[in-house]
Each structure stands twice: as structure tokens, then as C-alpha cells.
Amino acid sequence: MYLSYFGFKEHPFNVTPDPKFLYFGEAYQDALAYLVYGIRMRKGFVVLTGEIGIGKTTVINALLERLDDSHRVAHLVHSNMSLKDMLRFIFRDYGLEAAGKSKSELLLDLQVFLTALDQRGGNAVLIIDEAQNLRSWQLEEIRLLSNIETAKNKLIQIVLVGQPELLHLINATELRQFKQRISLHFHLKALNRDETENYIDYRVKMTGYQGKKIFEDGALDEIYHFTEGIPRLINALCDKALIKACISNQRKVDKKLIRQVI
Ligand SMILES: Nc1ncnc2c1ncn2[C@@H]1O[C@H](COP(=O)(O)OP(=O)(O)OP(=O)(O)O)[C@@H](O)[C@H]1O
Ligand SMILES: [Mg+2]
């Protein structure tokens with residue numbers, strides 16, 4: 001409703017993962033660099049953690065765009081799957097035929113595929129998002145997948161992505177063996193006050209807006225205070241603030257307005 005009021009071509013604070021609105025501050029660049037490094041160096045396991053709504057899935061989407069054609073990527077969002085079901089999804093993403101095969105046949109086929117890919121200079125990646133919901137037995141099965149290796153190389157690079165509970169899960173004593181295999185862990189931190197401002201400015205600019213600064217400093221302080229620099233919360237709050245500004249025929253968002261919509 002406020003698009004024409006402010007002269008935006010698009011909604012600045014949509015929560016859809018539109019790459020155009022990707023704000024690549026330092027933490028995001030570092031997270032992406034870690035993941036790319038872990039995959040390129042064939043580290044086996046890489047873990048990305050961060051609070052709810054901080055941008056983990058956003059980083060993964062950027063990673064998918066960054067990996068070149070030598071990579072074959074399977075991308076799962078965790079649900080309560082058995083290893084066999086997981087393998088079916090992995091086969092689908094790698095373009096392999098899974099129908100009618102038993103779990104051990106699937107594992108064997110996967111090994112053949114991964115070995116051939118490695119020999120051609122390729123690299124296989126398995127990304128599991130929402131991994132904080134995995135049960136320990138599922139993590140254990142995933143660990144078994146990482147056993148597929150040659151004397152030199154891990155044949156599949158597994159990226160586990162999840163909320164901080166994922167680390168607790170991995171730290172649980174029965175998963176010690178698993179923990180030893182994790183060579184890289186990156187924790188995505190929330191934006192600081194200045195980054196929150198840059199994030200908001202960036203998203204507003206991406207709508208084609210060229211007018212005066214909409215969010216006043218006091219409003220930005222308040223937004224940062226309330227959202228603690230979590231992008232999903234920033235989006236929701238800024239969206240509400242712009243609606244309210246439009247209704248009250250106010251071109252600027254000040255501290256008072258933010259307090260009204262919190
Ligand atoms: N770097 C970023 N640039 C632009 N927008 C971002 C960025 N990070 C997060 N967002 C915004 O915040 C929303 C939430 O991000 P995302 O879904 O990646 O979080 P998440 O950490 O995966 O959350 P969850 O723990 O719920 O899975 C995104 O839809 C996007 O609108
Ligand atoms: Mg996510």
C-alpha cells in the first residue's frame with residue numbers, strides 16, 4: 001500500500017529470498033567464504049549456525065549461485081527422514097535413478113557415482129538445512145555418508161545448517177566421533193547498529209527510491225534495540241513502520257513512530 005506513497009518500485013522489506021535484496025555485509029561474506037573454502041578444500045563436514053531469521057538460508061542460496069559446474073549439489077531441508085529417504089532425495093538432486101533399490105544398493109551406487117565424479121575432477125556437495133531438528137541417529141547415518149572417501153579426498157562435502165541447538169546436538173557425548181570430523185564451523189552473528197542501518201538503507205535503495213533518508217537516526221537506534229540486528233525481525237518492523245508512516249502521511253520514520261508499531 002505504501003509503494004506509490006514513497007515511490008518504491010518494489011517492496012523493500014519482503015521476506016522472500018530475492019537475490020537483488022541481498023545485503024552482503026562482512027559476516028555474510030565471511031560465512032560464504034568459509035563454506036566455499038570448506039567445500040573446495042574437501043573438508044568433509046562444514047557447519048553453519050546462527051539464530052532464527054539471521055540469514056543462514058540466505059547464505060546457502062548465495063552459495064548455490066557461487067558453486068561452479070564442477071559441483072554437484074544435493075539440497076535437503078531436514079524433515080524426519082530415514083537414511084533411505086534421504087538417499088532418494090540426494091539421488092534425485094544428483095540426477096541418479098533410485099527406484100526399486102535397497103538402501104545398500106543405493107549406498108553402493110552413490111559410492112560409484114562419487115568416485116567417478118572425483119576422477120573427473122568434480123566435487124559433490126550435500127547441504128542439509130534446518131539441521132538442528134535432526135535426531136542423533138540421523139546425524140550418525142549422515143556421518144556414515146561422509147565415510148565415502150579415497151585415500152586422499154573426501155568424496156562428499158556435507159554442509160549442516162541450523163540454529164545454535166545444532167551445536168548442542170553435535171556436542172552431545174554420543175556424537176563425539178561426529179564432532180571430531182567437523183573441521184569448519186562458522187557462527188553467523190547478528191548485525192550491529194551500523195550494519196542494521198546499512199541493511200535498511202540498502203534495501204530501500206534497491207526499490208529504486210532516490211529521495212531523502214526515510215529512517216531517522218533515533219528510529220534506527222530503536223529498530224536495532226528491538227530487533228537485535230536480526231534481519232527477519234528488521235524486515236517485519238520496517239514494513240510495519242512504513243505502513244504506519246503512509247497512513248499518517250509522514251515521509252519520515254522517527255523514533256516515536258517505531259515505538260508506536262513495536
Ligand atoms: N544478508 C541478507 N540480505 C538481505 N536480506 C536478508 C539477509 N539475511 C537475511 N535476510 C532477510 O531475512 C529473512 C530471513 O533470513 P533466512 O531465512 O535466511 O534466515 P535463517 O537464518 O535461515 O532463519 P531460520 O532459522 O528460520 O531458518 C530473509 O528472508 C531475508 O528477507
Ligand atoms: Mg533457514
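All ligand and atom numbering here is 1-based and tracks the order in the structure.
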* To do: If you have a sec, work out which protein heavy atom is nearest atom 4 (C) of ligand 1 and how many Å separate them, to one decimal?
  => F21 O, 3.1 Å
* Asked: Heavy atom under 4.0 Å from ligand 1: found in N14's side chain, backbone, both, or neither?
  -> backbone
* Carboxylate-amine/guanidinium proximity below 4.0 Å for E216 and K255 -> no
* Might you work through the side-chain contact (heavy atoms from CB on, under 4.5 Å) test for I230 and I52, ending with a clear yes or no? => CA-CA 8 Å; I230 305 269; I52 302 177; over 6 Å; no
* To do: May I ask you to identify the nearest protein heavy atom to atom 18 (O) of ligand 1, giving residue, atom name and distance to one decimal place in Å?
  => T58 OG1, 2.5 Å
* Asked: Can you tell me the protein heavy atom closest to atom 19 (O) of ligand 1 and the distance?
  -> G55 N, 3.1 Å
* Asked: Purely on distance, is any nitrogen or oxygen of I54 under 3.5 Å from one on ligand 1?
  -> yes
* Asked: Any chain of hydrophobic side-chain contacts (each under 4.5 Å) joining I148 to L108?
  -> no
* Starting from atom 9 (C) of ligand 1, which protein heavy atom do you reach first, and at what distance in Å? -> P231 CB, 3.4 Å
* Relative to the heavy atoms of L22, which atoms of ligand 1 are at a distance of less than 4.0 Å? -> 3 (N), 4 (C)
* Structure fact -> If we number the atoms of ligand 1 from 1 as shown, the ones under 4.0 Å from a heavy atom of Q163 are 25 (O)
* Asked: Quick one: does ligand 1 sit under 4.0 Å from the side chain of E51, the backbone, both or neither, non-hydrogen atoms only?
  -> backbone
* Report yes or no: does a heavy atom of F13 sit under 4.0 Å from some atom of ligand 1? => no
* Structure fact -> S70 and G121 have their tightest heavy-atom pair at CB-O, 4.3 Å
* Would you say Q29's side chain and E26's backbone share a donor-acceptor pair under 3.5 angstrom? -> no
* Structure fact -> of all protein heavy atoms, closest to atom 29 (O) of ligand 1 is V15 O, 2.5 Å
* Asked: Who's the nearest protein heavy-atom neighbour of atom 31 (O) of ligand 1, and how far?
  -> N235 ND2, 3.0 Å
* To do: Have a look at ligand 1 and work out which part of Y23, if any, has a heavy atom under 4.0 Å from it: side chain, backbone, both or neither.
  => both
* To do: Please determine if K189 and E51 form a salt bridge, counting it only when a charged side-chain N lies under 4.0 Å from a carboxylate O.
  => no
* Please state which protein non-hydrogen atom is closest to atom 6 (C) of ligand 1 and give its distance, to 0.1 Å? -> Y199 OH, 3.6 Å
* Is the gap between the ring centers of Y2 and H11 under 6.0 Å? -> yes
* Asked: Should the pair R203 and Y209 be classed as cation-pi, given the thresholds of under 6.0 Å to the six-membered ring centre and 45° from the axis?
  -> no
* Starting from atom 17 (O) of ligand 1, find the nearest protein heavy-atom neighbour and note its residue, name and distance. => R232 NH2, 3.2 Å
* **Residue-ligand contact G53/ligand 1, heavy atom below 4.0 Å** => yes
* **Selection from E195, K56, Q132, E130 by shortest heavy-atom distance to atom 25 (O) of ligand 1** => K56
* Asked: How far apart are the closest heavy atoms of K101 and L106, and which atoms are they?
  -> CB-CD2, 3.8 Å
* Look at the N, O or S atoms of T57, main chain and side chain alike, and state whether any lies under 2.8 Å from the Mg ion (ligand 2). => yes
* To do: Measure the acute angle between the ring planes of F13 and F215, then classify it against the limits of 30° and 60° as parallel, tilted or perpendicular.
  => perpendicular
